[in-house]
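Here's the structure we're looking at; comments come further down.
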Amino acid sequence: MANYYDLAELMFPDITKTVDDLENEYPVRQLPEGAQVTRFAPSPTGFLHTGSLFTALVGYKYAKQSGGIYMFRLEDTDTKRTIAGSADDLIVQLANFGIVSDEGYFPEGDKGAYGPYQQSKRRDIYRTVIKHLVQEGKAYADFCTPEDLEKIRAYQEANKILPGYYGEFARDRNLTPDEQIEKIKAGMPYVVRYKSNGDHNRKVAFTDAIRGKIEIQENDVDVVILKGDGLPTYHFAHVVDDHFMRTTVVSRGEEWIPSTPIHLDLFRALGWKPTKYAHLPVIMKLDNGNKRKLSKRKDPEAAVSFFIESGYPAKGLLVYLMNIANSNFEDWTMQSKDYDISHFQFTWNKMSLDGALFDIDKLAYFCREVLGKEHADTILPAATEWAKVYDPKLYAKIEKDPAFLARIINIDKDKPNPRKDYAKYSDIEPITRFFFDEDYAEIKKAGLPFNEKFDNAFIKDFLKKASEEMTYGVDESTWFNSVKELAAKNGFATNNKEYKANPELFKGNVADAAELIRIALTCSKNSPNLHEVIDILGKDRVVDRLLNAID
RNA sequence: GGCCCUGUCGUCAAGCGGUUAAGACACCGCCCUCUCAAGGCGGGUUCCCGGGUUCGAAUCCCGGCAGGGUCACCA
């Protein structure tokens with residue numbers, strides 16, 4: 001009569017290592033007190049999801065601020081869904097956000113002593129552990145076909161019994177080693193299942209770093225741990241990997257809460273100490289009055305690339321996500337006037353418990369704040385990189401005369417309340433168009449929006465005088481005094497009170513006069529500080545525009 | 001359906017038995033002002049509902065309800 005060891009040997013003849021060997025190979029890390037080991041473990045199944053960036057950010061931040069290790073592990077066990085190239089893409093995208101792992105998978109090869117960091121390359125680690133489980137009688141070969149499983153489920157559904165492969169419904173869980181050996185030898189395909197001894201009527205409790213104590217029914221399902229293709233399922237890979245990689249905190253989406261009992265069950269069966277868990281809220285979206293997870297299919301903002309393509313600065317998105325992650329972060333930014341998240345102390349208990357609706361207005365606000373603090377010396381290089389790919393028009397302008405654009409971007413930057421014109425790099429081109437002669441000519445064709453109370457002859461005459469009498473190359477108040485003088489000579493009031501008292505005495509107030517000049521120079525009733533605009537355009541161009549505004 | 005998570009302005013939220021229930025975004029108004037942006041000031045039926053405990057409940061307890069998640073050889 002065969003025993004479990006014989007069975008294990010038949011299933012994994014090539015495995016000579018033991019679990020103890022693995023323990024020695026991946027020793028407990030020697031880290032300073034309090035240092036945390038976290039990981040971001042995506043599947044290479046597509047683009048970087050906004051929710052994934054959030055998860056990665058939290059793990060990265062938590063490890064870094066504790067002086068610990070942040071790892072990147074590729075969970076590529078679902079070969080059907082794997083998309084070629086997406087793993088490397090994930091790495092590149094994360095790097096754009098400054099999230100670079102200390103250890104893990106890299107396109108050029110793994111880094112770190114706890115690898116491989118790609119689950120498909122850890123086959124023998126999983127098989128070693130499973131061999132051990134089989135030897136102990138804690139795992140078994142299950143020969144059910146999809147049709148068999150379907151039958152079980154149909155029966156359970158018809159009888160309103162909890163669905164699943166457990167207890168009496170786990171058809172193959174009591175097969176003897178001999179029976180299993182016989183079927184394997186007969187060439188029957190099988191998966192390996194964990195033989196749970198959990199009780200559905202009891203509860204397990206664990207302490208979630210964010211939510212506190214969570215109590216759920218114990219797992220009693222004999223989950224698949226090794227699939228037919230020889231790769232492990234998530235449940236098993238998570239437990240094995242995070243044990244041998246010596247992860248201290250597993251941060252993952254809250255959709256994993258219901259399966260945590262499985263993981264705890266597995267840890268227990270293996271005699272390992274479970275990791276701490278932090279189940280993160282999921283970013284949501286309002287759809288027809290209902291909240292739902294950001295959807296890859298329906299929501300462009302589900303893809304991080306959407307923000308990059310749209311020209312949002314990476315730092316702005318990071319700040320927004322940190323604002324979702326920790327409720328005190330925003331207060332901190334206001335007090336410290338700092339948007340550098342590396343200076344912020346992240347904590348689990350300041351994390352909100354329910355999924356935030358993605359708020360693009362708030363994102364834009366943070367982006368304006370972030371860009372508002374920066375000068376052309378940092379904005380321009382980033383904008384150039386962006387424009388190179390997504391905005392050829394802007395790119396051409398920057399290439400032609402970077403200094404000119406730099407001056408435009410720096411308008412009012414050193415004032416106490418700097419302008420916050422740009423939320424994203426794509427805002428730059430439309431806002432600054434009028435500075436460029438070709439664009440100016442183009443916009444002008446559509447007509448200049450002069451105030452109808454002035455006739456063309458008057459405007460033409462006034463602008464001609466302006467071109468001659470305005471002072472150039474002087475400070476703002478000197479310049480504006482010359483505008484006031486000009487306005488007064490042409491029948492405008494020079495201050496608002498005077499004008500409001502007796503409007504019939506004047507052609508308009510000084511604002512109206514300035515507006516004529518503004519429109520002539522910018523084609524618009526709105527513009528940044530006119531003095532700076534004039535300064536940047538230069539006298540020749542200003543005079544030209546003033547003289548030719550009306551033709 | 002079972003189980004789990006979560007319910008405070010439109011959105012993000014502070015709150016931990018006694019508060020005029022902070023703050024931020026968005027919106028509206030005013031101020032500043034040569035326009036816009038920025039900035040300043042102000043505005044709005046916000047504690048899911050019903051019981052209970054208590055002198056007193058957004059806060060504690062019970063029961064509902066709502067939203068979300070999960071029940072795969074996917075993660």
For the pair made of CG in Leu149(A) and P in C71(B), what is the distance, rounded to whole Å? 15 Å

Can you find a side-chain donor-acceptor pair between Ser527(A) and Thr522(A) that sits under 3.5 Å? no

Under 3.5 Å side-chain donor-acceptor pair for Tyr126(A) and Asp241(A): yes

Select base, sugar-phosphate, or nothing to describe what Asp142(A) touches, counting heavy atoms under 4.0 Å on all strands. nothing

Using a 4.0 Å heavy-atom cut-off, does Glu218(A) contact any base of the nucleic acid, only the sugar-phosphate backbone, or nothing at all? nothing

Distance-only polar pair, side chains of Asp265(A) and Ser196(A), donor-acceptor under 3.5 Å: yes

Students often get this wrong, so: under 4.0 angstrom with heavy atoms, is Val191(A) touching a base, only sugar-phosphate, or nothing? base

Rounded to whole Å, please give me the gap between CG in Asp421(A) and C1' in C36(B). 8 Å

At 4.0 Å (heavy atoms only), tell me whether Lys420(A) reaches a base, stays on the sugar-phosphate, or touches nothing. sugar-phosphate

Watson-Crick or G-U wobble partner for C16(B), using a 3.5 Å limit on both distances? none

Near-parallel close stack of Tyr234(A) and C74(B) base (under 5.5 Å, under 30°): no

Pair of N/O donor and acceptor under 3.5 Å linking C5(B) base with Arg211(A) side chain: no

Sugar-phosphate, base or nothing in reach of Gly228(A), heavy atoms under 4.0 Å: base

Using a heavy-atom cut-off of under 4.0 Å over every strand shown, decide if Ser527(A) touches base, sugar-phosphate, or nothing. base

What does U70(B) pair with, Watson-Crick or G-U, if both distances are under 3.5 Å? G2(B)

What I want to check is whether an N or O donor and acceptor connect the side chain of Arg193(A) with the base of C73(B) at under 3.5 Å. no

Distance alone, cut at 3.5 Å: any donor-acceptor contact between the side chains of Asp148(A) and Thr145(A)? yes

Using atom P in both nucleotides, what's the gap between G18(B) and A37(B) to the nearest angstrom? 43 Å

Remember a base hit wins even if backbone is also touched, and classify Ser524(A) as base, sugar-phosphate or nothing at under 4.0 Å, heavy atoms. nothing

Base, sugar-phosphate, or nothing for Phe480(A), non-hydrogen atoms under 4.0 angstrom? base

NA contact type, Lys350(A), heavy-atom cut-off 4.0 Å: base, sugar-phosphate, or nothing? sugar-phosphate

Measuring only the P atom in each nucleotide, how far is U8(B) from G1(B)? A whole number of Å is fine. 23 Å

Do Asn410(A) and His375(A) have side-chain N/O donor and acceptor atoms under 3.5 Å apart? no

Would you tell me if any nitrogen or oxygen in the side chain of Ser352(A) comes within less than 4.0 Å of OP1 or OP2 on U6(B)? no

Any carboxylate oxygen within less than 4.0 angstrom of a Lys/Arg side-chain nitrogen, looking at Arg173(A) and Asp142(A)? no

Expressed in angstrom and rounded to an integer, what is the separation of Asn328(A) atom CG from C12(B) atom C1'? 13 Å

What's Lys285(A) touching, base or sugar-phosphate or nothing? Going by heavy atoms closer than 4.0 Å. nothing

Base, sugar-phosphate or nothing for Asn526(A)? Non-hydrogen atoms, less than 4.0 Å. base

Name the nucleic acid region contacted by Thr522(A), choosing base, sugar-phosphate or nothing; use a 4.0 angstrom heavy-atom cut-off, strictly under. nothing

How would you label the contact of Glu75(A) with the nucleic acid (heavy atoms, under 4.0 Å): base, sugar-phosphate, or nothing? sugar-phosphate

Are any of Arg73(A)'s side-chain N or O atoms less than 4.0 Å away from OP1 or OP2 of A75(B)? no

So what's G50(B) paired with, Watson-Crick or G-U wobble, going by both distances under 3.5 Å? C62(B)

Round to a whole Å and report the spacing from CZ of Phe236(A) to C1' of A75(B). 16 Å

Take atom P in A66(B) and the same atom in C30(B), then report the distance between them in whole Å. 44 Å

To the nearest Å, give me how far apart CZ (Phe366(A)) and P (A13(B)) are. 12 Å

